[in-house]
Amino acid sequence: MHWADVMAERLGRRGPRHIVATGITPSGEFHIGHIREILTGDMIVRAAKHAGLEAELVFVVDNADPLRKVYPFLDESYSQLIGHQLGAIPAPDAEGKPDWNRFEQDGWTYGDHFLAPFLDALAQLGVRPRLLPNLQAYRSGQFASAAKYACDNPDEIREIIERVSGRELPAGWFPWQPLDAKGNLDGVKVTGYDYPLVHFVDAEGTRGSSDITKGDGKLPWRLDWPAKWGINAITCEPFGKDHGAAGGSYATGKELSVLFGHEPPEPLTYEWISLRGQGAMSSSAGNTVGPVEALQLVPPEILRFLVANTKPKKAIEFDTGMGLVKLADEFERSSGRDFESELKDEGLSRRQRVQVEDVQAAVRLSSVVDGSTTHATSSTFRHLALLAQVKHGDEEVLSAITTEDGDAKDVLLDRLRRMRTWIASSHFPDELRVVLLDEPSPDALNALSPTQQPLVAALKEALLHVTWDEQGITDAMKSVAGLDGVGMRDVYRAAYASLMGLEKGPRLAPILANCKKVEILGLLEKSANHVLQ
RNA sequence: GGGCCUGUAGCUUAGUCAGGUAGAGCGACGGACUCUUAAUCCGUCGGUCGCGGGUUCGAACCCCGUCAGGCCCGCCA
């Protein structure tokens with residue numbers, strides 16, 4: 001059974017109505033790693049609906065979290081805002097400086113700045129979660145009850161965290177982090193509690209009080225999370241493997257949640273997505289691929305397929321080169337399969353059956369619109385990559401792909417558009433680039449058989465007088481093959497060796513038709529001379 | 001130090017919860033399309049299931065140990 005269906009089944013045992021939560025801190029640019037969090041949640045929701053349950057996806061925006069440090073993409077002036085909440089400070093402008101104007105006039109915050117493009121990407125992926133900005137939840141007093149329980153019973157809370165995580169909390173630890181008069185969470189020491197006020201001394205020694213019912217502060221992360229489960233009636237939440245480890249925040253949250261009066265959500269831990277050859281993604285190292293960037297290269301269904309077709313506990317290596325071609329082609333093949341008739345085969349072993357069912361589920365979860373079927377185009381990604389380089393306009397590419405299915409045209413055009421972006425980018429693999437040689441390649445020519453070598457000169461002769469278009473070039477090739485028992489195979493071997501330095505390659509005629517006749521003939525001539533020596 | 005996850009064909013992996021002759025896809029190789037060959041179709045090859053023990057009639061799967069990689073037990077997600 002597909003992992004999403006397994007979760008749905010588990011949820012079904014728990015009850016008929018579900019809220020699946022995801023959450024991310026908008027501290028910097030979002031990357032495709034974050035996509036896994038949201039898509040995992042989205043797929044659970046879909047599977048739950050498919051199983052006849054009521055389900056909704058929510059996205060907690062953790063904009064009550066403080067700015068941790070001045071990231072490389074920020075101006076040094078952000079140092080005065082460290083410790084301030086992401087939903088309460090200005091967004092960086094083009095130079096990385098705090099944009100105070102926009103902050104004061106439109107209330108445009110740091111969190112909004114990074115969230116907006118991510119939401120666009122999600123919309124393209126067909127995911128529209130209900131947003132739950134955390135800072136606003138604090139300010140409107142939603143955390144009051146959980147915060148009161150925690151502040152009333154700090155020893156009980158402390159005991160749970162220390163026992164479950166196996167760590168010792170510092171002497172002055174208190175289950176509420178007050179905000180000082182300037183809006184800073186760092187360096188504030190709690191000195192007393194008198195509901196609803198938590199008294200404190202800030203880093204500069206100034207005294208003050210924080211009202212826990214008004215969001216003049218926040219719960220520490222380990223309490224903040226389980227409190228949110230209760231407030232929003234969360235029944236299921238996927239989270240990264242960091243939270244999932246024993247002693248981690250889910251383990252403590254599970255117990256705290258019960259104290260706050262809510263049954264902890266059904267967990268699902270997932271692995272990270274890393275970039276191929278570059279290890280884990282990190283904004284500070286600059287080795288990220290953003291969801292927006294990824295979607296410029298590849299259609300949303302394929303990104304969904306990547307997540308849907310990999311079990312959550314498997315690490316994903318995102319590869320923007322050949323790996324992307326393989327992924328896309330696998331999706332194409334899979335979505336073109338007739339699963340129903342495959343499953344009718346009585347001869348399938350249990351394992352084979354499960355395999356077919358899982359791919360079927362993955363394909364279903366990959367469609368951007370739930371319930372719609374994704375059209376398989378009759379062309380693989382690899383083939384399209386070729387056509388896009390060789391043909392000129394969109395129409396020319398389309399006419400090279402024979403499609404009987406009328407409405408697949410939009411799909412193809414959309415794919416072509418992304419393909420062109422990909423080809424123009426540095427991600428496009430050299431292996432797929434169509435490159436004609438400037439000078440003959442001795443190695444490739446020497447590798448030709450004695451029958452094939454003379455064909456280089458013969459090709460040159462044949463091409464000399466033809467009309468320089470696809471038909472003419474193809475005819476010339478055939479005429480060479482017609483000579484004493486030489487097959488088309490040999491002709492093309494000779495052509496690829498002399499023109500591209502390869503043993504085999506893409507369709508030659510369209511490529512040559514787009515090149516200058518003189519240059520091609522020149523290259524063939526030089527190659528022929530090399531062969532003679 | 002304590003704990004969790006991962007390790008199966010050249011590559012990506014299914015199967016581990018409920019033990020019953022190891023399943024796919026890609027690649028490679030071979031063939032067919034009388035034809036462009038990175039297009040399409042068919043076929044073949046390829047696995048001591050990280051390693052060592054144990055339980056069992058039977059172990060990829062359960063138990064113990066061990067190796068390798070990642071993560072948590074500070075902050076933060």
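Each chain gets a letter, A, B and so on, in the order its sequence line appears, and its residues count up from 1. Quick caveat: nothing in here was measured; it's all calculated off a predicted structure.
Within the nucleic acid shown, A/A509 comes within 4.0 Å of at least one base atom, counting heavy atoms only. At the heavy-atom level, A/G240 lies nowhere under 4.0 Å from the strands shown. Among the atoms of the strands shown, none is found under 4.0 Å from any heavy atom of A/R493. Counting any heavy atom pair closer than 4.0 Å across all strands shown, A/G23 reaches sugar-phosphate atoms only and no base atom. At a threshold of 4.0 angstrom between heavy atoms, the contacts of A/R222 are confined to the sugar-phosphate backbone, with no base atom among them.
Rounded to whole Å, the separation between the P atoms of B/G20 and B/C75 comes to 44 Å. B/G46 and B/A22 are spaced 13 Å apart, taking the C1' atom of each and rounding to whole Å. Here the separation of B/A28 from B/C11, taken at their P atoms, is 15 Å to the nearest Å. Comparing the same atom, P, in B/C5 and in B/G50 gives a spacing of 16 Å after rounding to whole Å. Taking atom C1' on both nucleotides, B/G52 is separated from B/A14 by 26 Å, rounded to a whole Å. Between B/U48 and B/G30, the two P atoms lie 24 Å apart (nearest whole Å). Comparing the C1' positions of B/U8 and B/U12 gives an interatomic distance of 12 Å, to the nearest angstrom. For B/C33 and B/A38, the P atoms lie 16 Å apart once the distance is rounded to whole Å.
Considering only residues two or more places apart in sequence or on other chains, A/E255 meets the salt bridge (charged side-chain N to carboxylate O under 4.0 Å, His left out) condition with A/R163. For A/R222, the side-chain hydrogen bond (donor to acceptor under 3.5 Å, both in side chains) test picks out A/T252, with sequence neighbours left out. Remark: A/E266 pairs with no residue by the side-chain hydrogen bond (donor to acceptor under 3.5 Å, both in side chains) rule, at least two apart or across chains. With sequence neighbours excluded, the residues forming a side chain to side chain contact (heavy atoms under 4.5 Å, CB included) with A/K517 are A/W468, A/L521, listed by chain and number. In this view, A/R333 satisfies the salt bridge (charged side-chain N to carboxylate O under 4.0 Å, His left out) rule with no residue, not counting sequence neighbours. Checked against salt bridge (charged side-chain N to carboxylate O under 4.0 Å, His left out), A/D394 has the following partners two or more places apart in sequence or in another chain: A/R420. Scanning for side chain to side chain contact (heavy atoms under 4.5 Å, CB included) contacts around A/Q389 gives A/I423, A/F428, A/R433, A/V434, with sequence neighbours left out.
Put simply, CG on A/L327 is 12 Å from P on B/U13, counting in whole angstrom units. Rounded to whole angstrom, the span from the CZ atom of A/F331 across to the P atom of B/C26 amounts to 16 Å. Separating the CG atom of A/N309 from the C1' atom of B/G25 is a distance of 10 Å, rounded to the nearest angstrom. Whole-Å rounding puts the A/K241 NZ to B/C5 P distance at 13 Å. With rounding to whole Å, A/K313 atom NZ is found 17 Å from B/C71 atom P. We find that CG of A/L67 is positioned 14 Å from C1' of B/C75, with the value rounded to whole Å. The CG-P distance, from A/D319 to B/C26, rounds to 18 Å in whole Å. Atom NZ in A/K254 sits about 19 Å away from atom P in B/C72, given to the nearest Å.
Donor-acceptor pairing under 3.5 Å is lacking for the side chains of A/E342 and A/Q360. Side chain to side chain, A/D358 and A/N309 fail the donor-acceptor criterion of an N or O pair below 3.5 Å.
Each of A/G244 and A/D358 was assigned the nucleotide of RNA chain B with the nearest heavy atom; the assignment lying further toward the 5' end belongs to A/G244. With the nearest nucleotide of RNA chain B identified for both A/P66 and A/L386, A/L386 has the one nearer the 5' end.
Closest to the side chain of A/E271, out of B/G70, B/U36, B/G25, is B/G70. Which of B/C76, B/C72, B/A38 sits closest to the side chain of A/R382 comes down to B/A38. Set against B/G25, B/C75, B/G23, the side chain of A/Q355 has B/G23 as its closest nucleotide. Among the nucleotides B/G25, B/U36, B/A14, the one closest to the side chain of A/K311 is B/A14.
With both pairing distances under 3.5 Å, B/U40 is matched to B/A32 as a Watson-Crick or G-U wobble pair. The pairing partner recorded for B/G1 is B/C73, the criterion being a Watson-Crick or G-U wobble arrangement whose two distances lie under 3.5 angstrom. Under the Watson-Crick or G-U wobble criterion, with both distances below 3.5 Å, B/C49 is left unpaired in every strand shown. With both pairing distances under 3.5 Å, B/A59 is matched to nothing as a Watson-Crick or G-U wobble pair. Under the Watson-Crick and G-U wobble criteria, each requiring two contacts below 3.5 Å, nucleotide B/G23 is paired to B/U13.
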Atom pairs, protein N/O to nucleotides 7-11 of chain B N/O, distance under 3.5 Å:
unit_1: B/G7; atom_1: OP1; unit_2: A/K314; atom_2: NZ; d: 2.9

N/O-N/O pairs, protein side and nucleotides 19-22 of chain B side, under 3.5 Å:
none

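Annotation: the span from A/K218 atom NZ to A/Q85 atom CD amounts to 7.5 Å, rounded to 0.5 Å.
Between A/H243 and A/W221, the ring planes lie tilted relative to each other; the angle falls in the 30° to 60° range.
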Let me see the working for A/N63 and A/D112 under side chain to side chain donor-acceptor pair (under 3.5 Å), right down to the final yes or no. CA-CA 9 Å; A/N63 60 349; A/D112 298 329; 5.7 Å; no
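Side-chain N/O atoms of A/Q352 include one lying less than 4.0 angstrom from OP1 or OP2 on B/A24.
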